[in-house]
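Quick notes on the structure that follows.
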Amino acid sequence: MTDLGLRYSRYVNGVAKKHAEVSNAMFNMETVDWITNGVHPTTWVSSGMRKLYNKHIPGWELDPGRLVQALTIPKEEVWAAHQASKLRLFARVMETNGIQLDPDILTLGFARRAATYKRADLILTDVERLKKIAGKNKVQFIFAGKSHPKDDGGKRLLQRIRQASKQLKDSVTIVFIDNYNMEIASLLTQGVDVWLNNPIRPREASGTSGMKCAMNGIMNFSVLDGWWIEGWIEDVTGWAIGPAPSDAETQNANERTYDEQNDALDLYEKLEKKIIPTYYENHDKWVDMMRHTIALDASFFNTHRVVHEYASKAYSIDFRGM
């Protein structure tokens, strides 16, 4: 049925440029186009950031492309709005988990469907290395997610995260929030400092959680797959994990072509030598990266642009007279 649909559809698209490339390779085609996903801005932006955008970028709600003007927002106002969101998230953690988190500590978030290819436990590949990096209260982690009831691999993944949070409690703060839903997703994508994403390349069609973070000026720390290939500028909108996508990965999308140890090593290296030093030693650059994330990623990866692209490319609606 997939082949039938692909061969006889007037228009076929993937949900990211890389997704289209992988699809063309998988089905031996050259006609799969792409319309990269986006998220609904006013659904996912925090109340503090919304007020900030209303003040400095009037009209952004109807035209999120105007968020390119975010570079003009005073840095101290961006940071104040972010810290307010961080405190709301930490209040929820205290309420549900009984754990008091420090808002001055770098906080990484990971929350999504618990599928094994998303590798929620990659950060635990070398526990001793993690303890050395995160020691002395340098980093804290918040996890959330749900697995399909019949996905035993996903369930084991969540169990490992929960066990690690207990076993490492004296050296690394790891919090797992139960009963993942849209409310918790909102708090996380508005309140963490960095969004962690490390799926197996090239299996992530697009991904959208990182786009929600971008709406709130939160940088991504992600494998170069899905939408992040298009949104990533190293040390500007965030950081990459592992190597750039290769033609070999595209041609062998159904095979294990990745190197998990190297991905984990790069994750630790950049966390220790790039992300932590910037957060604690170069606050000005950190907040500037937040503004660039809004200006370059939030202004593009939104549903307003997506609908326009579907209308003009997939449905052939002429906007010239509108």
Side-chain angles (χ1 to χ4, degrees), residues 75 78-79 82-83 86 101-111 118-143 161 164-165 168 170-175 188 191-201 204 207 209-210 213-214 216-226 228-246 258-294 296-297:
K75 293 180 182 179
V78 172
W79 185 248
H82 171 66
Q83 285 298 91
K86 197 172 183 179
L101 297 177
D102 187 340
D104 292 327
I105 294 178
L106 173 65
T107 304
L108 274 68
F110 185 105
K118 292 180 182 287
R119 300 189 296 182
D121 59 347
L122 186 68
I123 191 72
L124 302 173
T125 301
D126 185 342
V127 172
E128 292 306 312
R129 179 79 187 274
L130 176 63
K131 287 163 68 173
K132 184 183 293 186
I133 293 170
K136 299 180 181 177
N137 295 322
K138 290 182 181 178
V139 188
Q140 54 197 8
F141 298 88
I142 304 178
F143 286 85
I161 299 296
S165 69
L168 299 174
D170 294 329
S171 51
V172 184
T173 300
I174 300 175
V175 174
L188 281 163
V192 299
D193 296 307
V194 174
W195 195 247
L196 185 61
N197 183 38
N198 37 244
I200 297 171
R201 297 177 305 274
E204 190 71 272
S209 60
C213 288
N216 295 286
I218 294 169
M219 283 79 78
N220 278 258
F221 183 29
S222 175
V223 163
L224 286 168
D225 198 12
W228 185 232
I229 299 172
E230 301 167 51
W232 162 72
I233 303 176
E234 189 74 5
D235 296 315
V236 176
T237 60
W239 305 268
I241 298 172
S246 67
Y258 63 94
D259 188 329
E260 191 149 307
Q261 289 297 324
N262 282 342
D263 281 354
L265 178 62
D266 196 46
L267 192 162
Y268 293 136
E269 285 286 308
K270 285 186 177 174
L271 180 58
E272 180 179 21
K273 297 177 181 178
K274 277 192 170 189
I275 299 174
I276 290 174
T278 303
Y279 184 81
Y280 289 107
E281 300 168 17
N282 197 342
H283 180 73
D284 191 66
K285 179 181 177 181
W286 187 274
V287 182
D288 198 47
M289 287 182 68
M290 293 179 69
R291 297 195 304 178
H292 276 85
T293 295
I294 299 165
L296 298 176
D297 285 350

Next item on the list: Would you sort out whether Val192 and Leu108 count as a side chain to side chain contact (heavy atoms under 4.5 Å, CB included), showing the intermediate values?
Entry: CA-CA 6 Å; Val192 299; Leu108 274 68; over 6 Å; no
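- Inter-residue side-chain proximity for Ile105 and Thr173 is flagged as unmet; no heavy-atom pair is nearer than 4.5 Å.
- Considering all non-hydrogen atoms of both residues, Met219 and Met289 come closest at SD-C, 3.8 Å.
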Note to self: With ring-ring contact (aromatic ring centres under 6.0 Å, His included) as the criterion, how do His283 and Trp286 come out once you've worked through the C-alpha distance, each side chain's angles and the decisive distance to 0.1 Å?
What the structure shows: CA-CA 5 Å; His283 180 73; Trp286 187 274; 8.7 Å; no
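- Counted by atom type alone, Trp195 and Ser209 present one or more donor-acceptor pairs between their side chains at under 3.5 Å.
- Annotation for Ala240 and Asp266: closest pair O-OD2, 3.6 Å, computed over non-hydrogen atoms.
- Side-chain contact between Asp193 and His82: present, with at least one pair of heavy atoms (C-beta onward) separated by less than 4.5 Å.
- Two residues are said to be in side-chain contact when any heavy atoms from C-beta on lie closer than 4.5 Å; Asp263 and Asn198 fail this criterion.
- Counting heavy atoms from C-beta outward, Trp228 and Asp297 have side chains that approach closer than 4.5 Å.
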Check: Step by step, would you call Trp239 with Val194 a side chain to side chain contact (heavy atoms under 4.5 Å, CB included)?
Finding: CA-CA 10 Å; Trp239 305 268; Val194 174; 4.1 Å; yes
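- In this structure, the separation between NZ on Lys270 and CG on Asp235 is 8.0 Å, given to the nearest 0.5 Å.
- The ring-ring contact (aromatic ring centres under 6.0 Å, His included) check on Tyr268 picks up nothing, with sequence neighbours excluded.
- Taken to the nearest 0.5 Å, the OG1 atom of Thr278 stands 11.5 Å off from the CG atom of Asp284.
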Check: After noting the C-alpha distance and the side-chain angles of Ile200 and Val223, does the key distance pass the side chain to side chain contact (heavy atoms under 4.5 Å, CB included) rule?
Finding: CA-CA 8 Å; Ile200 297 171; Val223 163; over 6 Å; no
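- Residues Ser165 and Val172 fail the side-chain proximity criterion, which asks for heavy atoms closer than 4.5 Å.
- Between Met290 and Lys75 the shortest side-chain heavy-atom distance does not fall below 4.5 Å.
- Between Phe143 and Phe110, the angle of the ring planes lies from 30° to 60°, which puts this pair in the tilted group.
- In this structure the side chain of Ile241 reaches within 4.5 angstrom of the side chain of Leu196, judged on heavy atoms.
- Note that CD of Glu230 and CG of Leu224 are 11.5 Å apart. Values are rounded to the nearest 0.5 Å.
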Sequence neighbours excluded and cut-off under 3.5 Å, please list the side-chain donor-acceptor pairs for residues 128-141, or say none.
residue, atom, partner, partner atom, Å
Glu128, OE2, Lys131, NZ, 3.4
Arg129, NH2, Glu269, OE2, 2.8
Arg129, NH2, Glu272, OE1, 3.0
Gln140, NE2, Asp102, O, 2.9
Gln140, NE2, Thr107, OG1, 3.0

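- Between Leu101 and Ile142, some side-chain heavy-atom pair lies under the 4.5 Å cut-off.
- Residues satisfying the side-chain hydrogen bond (donor to acceptor under 3.5 Å, both in side chains) test with Asn220, not counting sequence neighbours, are none.
- Note on Asp288 versus Arg291: salt bridge recorded, some NZ/NE/NH1/NH2 to OD/OE distance being below 4.0 Å.
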Check: Could you go step by step and tell me if Leu168 and Leu124 meet the side chain to side chain contact (heavy atoms under 4.5 Å, CB included) rule?
Finding: CA-CA 11 Å; Leu168 299 174; Leu124 302 173; 4.2 Å; yes
